[in-house]
Amino acid sequence: MRYQDQMVRATQKALEDVVRSAQALPPDKLDWVPMGVARSVLDQMQEIAMGGTWFMPIVRELKMPDHDTHALEEARRRRTENDTLEKCVVAARQSTSELCEAIETVSDENLEDEIHLPFGGGMTVTLADVLGMHAWNMIYHLGQINQIQLMLGDRAMH
């Protein structure tokens, strides 16, 4: 199996896992902010909904999307359009599907290509690293959503 195929499988699984967990929460708790400072499940799912779209230019062109003020404001606006869990799930499935299609087209020869990302003060990563970032981000949020479930007394594995 090619690395790209494994990343597609991992990304698709991460999406289904996080969706299943988010959908298991009581609807009236989707916008609950634990301790008044943590991120709500809806807020996290809004990020996941946009994740595939955000990683697309990195995978296709090895370049970061614009991070100027206008680009960030537009991203916030588009993010808040997904104002229900249902809208988030639809958008996440669409953007993740498109990203997975792009991942499948990456050639083995390009996996070691490097790109500079501004996260954490800046880092240089390979395209192979980037292919797993959307999955990693969804798994990260899955843990946060599972913690919210525990805080609400839900001990079931979803």
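Just so you know, these numbers use all the heavy atoms, side chains as well, and skip hydrogens, waters and symmetry mates. Fair warning: this is a prediction, and the values are worked out from it, not measured in the lab.
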Any side-chain donor near an acceptor of the partner, Glu16 and Gln12, under 3.5 Å: no
Within-4.5 Å side-chain heavy-atom neighbours: Ile103 and Leu99: yes
Pairwise side-chain contact, Met50 with Gln46, heavy-atom cut-off 4.5 Å (strictly under): no
Full working for side-chain contact (heavy atoms from CB on, under 4.5 Å) between Ile145 and His158: CA-CA 11 Å; Ile145 291 169; His158 299 285; over 6 Å; no
Asp129 (side chain) donor-acceptor with Thr126 (main chain) under 3.5 angstrom: yes
Transitive ILVMFWY side-chain link Val89 to Trp54, under 4.5 Å: no
Common cluster, Leu62/Met123, ILVMFWY with side-chain heavy-atom separation under 4.5 Å: yes
Same cluster (ILVMFWY, side-chain, under 4.5 Å), Leu152 and Leu142: yes
Of all pairs that satisfy ring pair (Phe, Tyr, Trp, His ring centres under 6.0 Å), the ones with a partner from residues 137-157, not counting sequence neighbours: Trp136-Tyr140
Any side-chain heavy-atom pair of Phe119 and Met64 under 4.5 Å: yes
Which atom of Cys88 lies closest to which atom of Ala49, heavy atoms considered: O-CB, 3.5 Å
Would you give me the side-chain donor-acceptor pairs under 3.5 Å for residues 28-37, sequence neighbours excluded?
none

CZ/Arg9: more than 12 non-hydrogen atoms of other groups inside 6.0 Å: no
Test item: Ser97 side-chain N/O and Gln94 main-chain N/O as donor-acceptor pair under 3.5 Å: no
Check: Val106 main-chain N/O paired with Gln4 side-chain donor or acceptor under 3.5 Å: yes
same_hphob_cluster(Met138, Leu131) at 4.5 Å side-chain heavy-atom cutoff: no
Within-4.5 Å side-chain heavy-atom neighbours: Asn146 and Ser21: yes
Cluster overlap Met7 with Ile139, hydrophobic side-chain contacts below 4.5 Å: no
Donor + acceptor pair across side chains of Ser107, Asn110 (<3.5 Å): yes
Over all atoms of both residues, closest heavy-atom pair of Arg2 and Glu104: NH2-O, 2.8 Å
Closest approach of Arg39 to Ile148 (non-hydrogen atoms, all atoms of both residues): O-CD1, 3.6 Å
